[in-house]
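Treat the numbers as computed from the prediction; the structure is a model and nothing was measured.
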Amino acid sequence: MDTAVVELVYRPSRSDIVIGIRVRDRVRKAALVRGAFAVVFTLLVLGGVLAGVGVLSLVLWAVCGAVLWFMPYLQANHVFRTVSWQGEYRSVVGAEGITARTEHATLTQRWSAFRGHRETRDHFVLLSRDPNILVIEALPKRGLGSEADVSRLRELLAAKLPSL
C-alpha cells in the first residue's frame, strides 16, 4: 500500500456522529451557548417551583432545557438513520482528499472542502469550510489496521489541514 494513503474500514455508530457534532459545536462555540440556555431553563424551573408558577410552564421550561442539552444526541440519531443502512464504509485518505465507499455510494471530498481537523481519543474529526460547518467527517481510529496507521493518518492530516 502507498505510504501516502491510509485506509479505514468501519461501520458508523451513533457515538462516532455524537463525537463529530460535539467537536463541531466546540469549534463554533455552540456548546457554550447551548449550555448557557440549558442552565437558564433549569434556573427558570427551580425559580418557578419556588414562586408557585403553573405546572404547564414548568414542564415546558424543563422540556426546552432537556432538548437543548440533548441536541447533539438528537442530531446524531437523525444522521445515523441516514447513513447506517449503507453498511460498511471503506474510506481512503490520500493526497487528493478522502474517498468513502459503501455498497451503495462513493463520495470523494477534496482537502479544499475542509477548514481543519481535530483529534480526539478515538476519532479524527474533519470540519467543513462552510460558515456553519454543516459537514463533518468523523474517522474512527477503530477502522484503522494498526497503531502505525493511526500515526500515518495523523501525519497526513497535519500536512493537509490545520489543527483546530
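Atom OH of Tyr10 is separated from atom OH of Tyr89 by 7.0 Å, given to the nearest 0.5 angstrom. Annotation: the span from Leu157 atom CG to Leu161 atom CG amounts to 6.5 Å, rounded to 0.5 Å. Between atom OG of residue Ser146 and atom CZ of residue Arg152 there is a gap of 7.5 Å, rounded to the nearest 0.5 Å. Between the CG atom of Leu144 and the CG atom of Leu139 there is a distance of 8.0 Å, given to the nearest 0.5 Å. Note: His123 NE2 to Arg142 CZ = 5.5 Å, rounded to the nearest 0.5 Å.
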Please assess Thr120 against Val23 for the test side-chain contact (heavy atoms from CB on, under 4.5 Å), listing each intermediate value before the final yes or no. CA-CA 9 Å; Thr120 68; Val23 167; 3.8 Å; yes
Phe37 vs Cys64, side-chain contact (heavy atoms from CB on, under 4.5 Å): CA-CA, chis, key distance, verdict: CA-CA 9 Å; Phe37 275 108; Cys64 287; over 6 Å; no
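Residues Ile19 and Tyr73 fall into different hydrophobic clusters, defined by Ile, Leu, Val, Met, Phe, Trp and Tyr side chains chained together at heavy-atom separations under 4.5 Å. The hydrophobic clustering, which links ILVMFWY residues whose side-chain heavy atoms are closer than 4.5 Å, places Leu68 and Ile21 apart. By the rule that hydrophobic residues join a cluster once side-chain heavy atoms approach within less than 4.5 Å of another member, Val63 and Val45 end up as members of separate clusters. Leu44 and Val59 sit in two unconnected hydrophobic clusters of ILVMFWY residues. Membership requires side-chain heavy atoms under 4.5 Å apart, directly or through other members. Note on Val33: it clusters hydrophobically with Phe41, by side-chain heavy-atom contacts below 4.5 Å among ILVMFWY residues.
Side-chain atoms of Phe124 and Leu153, non-hydrogen and from C-beta on, do get closer than 4.5 Å to each other. Proximity of Glu137 to Phe114: side-chain heavy atoms (C-beta onward) are separated by under 4.5 Å at one or more points. Trp111 has its side chain within reach of Leu126: a pair of non-hydrogen atoms, C-beta onward, lies under 4.5 Å apart. Counting only heavy atoms from C-beta outward, the side chains of Lys141 and Arg154 approach each other to under 4.5 Å. Within the 4.5 Å cutoff, the side chain of Leu58 has heavy atoms near those of the Val49 side chain. Here the side chains of Ile17 and Val83 are in contact, with some heavy-atom distance below 4.5 Å.
The other residues sharing a hydrophobic cluster with Leu56 are Leu60, where clustering joins ILVMFWY side chains under 4.5 Å apart.
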Would you mind writing out the side-chain donor-acceptor pairs for residues 93-103 within the sub-3.5 Å range, not counting sequence neighbours?
residue, atom, partner, partner atom, Å
Glu96, OE1, Arg110, NH1, 3.3
Thr99, OG1, Thr108, OG1, 3.1
Thr102, OG1, Gln86, OE1, 3.2
Thr102, OG1, His104, N, 3.1
Thr102, OG1, Ala105, N, 3.0
Thr102, OG1, Ala105, O, 3.4

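Here Asp16 does not pair with Arg11 in a salt bridge; the nearest charged N to carboxylate O distance is not below 4.0 Å. Ion pair Arg22/Asp25 not flagged as a salt bridge, since none of the NZ, NE, NH1 or NH2 atoms sits closer than 4.0 Å to an Asp/Glu carboxylate oxygen.
Ala38 meets the side-chain contact (heavy atoms from CB on, under 4.5 Å) test with Trp69; sequence neighbours excluded.
Considering every non-hydrogen atom in both Leu134 and Asp130, the closest pair reads N-OD2, 2.9 Å. The two residues Val18 and Ala76 have their closest heavy-atom pair at CG2-CB, 3.3 Å. Nearest heavy-atom pair across Glu7 and Val92 is CG-CG2, 4.3 Å.
A donor-acceptor pair is defined here as one N or O able to donate and one able to accept, closer than 3.5 Å; no such pair exists between the side chain of His117 and the backbone of Leu127. Judged by distance alone, the side chain of Arg26 and the main-chain N or O of Ala31 form no donor-acceptor pair under 3.5 Å. Not one N or O on the side chain of Arg118 forms a donor-acceptor pair closer than 3.5 Å with the backbone of Val125. No donor-acceptor pair closer than 3.5 Å links the side chain of Arg14 to the backbone N or O of Phe80.
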